[in-house]
Amino acid sequence: MHDATGLWHDIDRPSLPEPGTKRRGVLRFSHPALADWEWPIVVARGLADGPAVALLSGVHAGEYPPMAANIRFMRNLDPTQLRGTIVSLPLVDPPAFYSRSAFVCPIDGKNPNRCFPGDPNGTFTDILTSAIFTNIISAATHLIDLHCGDVFEHLTPFTICRGSGNAEVDRVARGMAEAFGLPYVVATKPGNAPLAGTTSASSAGAGIPAITSEAGGRGLMTEPETQMQLRGIANVLRYLGALEGEVEPTSGQRTFSSSNGFHTPVAGFWLPEVDLQQEVTQGQRIGRIENLYGDEIAAIQAPVTGMVLYLTSSPAVQEAGLLGSVGAV
Ligand SMILES: [Zn+2]
């Protein structure tokens, strides 16, 4: 139903507009723990049948180019040119956005992208991820989850697809990741996906091909990375047959089979000594941790041979804190 502002209101499962139209609305969830919040949503429905794509951003709400790309793509989309449907949630974690929280939801301190498929009997983030998984992701045939480096991360643009062991799901996810068109793809093998609880791992586990894009970071709203994400969304929709036309090819795209995070043994002041996209060999010194007097208290080595995918850009690190990642072939 419409309210006085012309926004459509739905509870739990978004309803579809008429064929060939799109509709902005407000989504609420019936779980009492989520009653104080509402989620902006845009649903587009093509004239012809086709895939049901879920387009998410703001799972990490300090990641701005993905949110900008999601909003702009849906504003500019002509639904008469679409086959199938797109359900777009530009901001999955509103409490984190308005408090400018990196990684975690401030209500319970949990990282939503470690909580999927969620738990209706858990705390706020478990309940929210459960509501999103049940009502948005499970209702889709394909998932595009837009991310970038978080507020304290500097990264090389890449797209992740996680092996689920279901050959057909993995084939389509790999095709989506390559079509997105970022310069690097991280295609992890089944059983080699350490990040349980992500949108893409939980979707793949449910038989829904999914990708996670990564372009942008450090809390910045940047246009080049927004453009990369916009191009990626359109290319994946072409790949899936939801939009007319050929996928724009990406020359020189390189694929890694794993992203290998490395961590600090001690708290202190992190100073990387390598750049993004630099090739490193396993055991090579790639940075140091100093104390607050400037003494080196730990030398940091590359965990594997490969290329630097991302680095923690903040010098402030806790014991066992993540410092970056190396992609290995
Ligand atoms: Zn993220």
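Position 1 is the first residue of the sequence, and the numbers go up from there. Each ligand, and each atom within it, is numbered from 1 in the order the structure gives. Only this structure's heavy atoms are used, side chains among them; waters, hydrogens and symmetry mates stay out.
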Is the Zn ion (ligand 1) less than 2.8 Å from an N/O/S atom of Glu63, whether that atom is in the backbone or a side chain? yes

Just so I know, are the side chains of Ile286 and Gln301 near enough to count as touching, which here means a heavy-atom distance under 4.5 Å? no

Look at the N, O or S atoms of His60, main chain and side chain alike, and state whether any lies under 2.8 Å from the Zn ion (ligand 1). yes

Side chains of Thr222 and Glu225: donor-acceptor distance under 3.5 Å anywhere? yes

Is the shortest side-chain N to carboxylate O distance from Glu296 to Arg285 below 4.0 Å? yes

Taking the six-membered ring for Trp, is the centroid-to-centroid distance between Trp39 and Phe29 below 6.0 Å? yes

Looking only at N, O or S atoms in His147, which is nearest to the Zn ion (ligand 1)? ND1

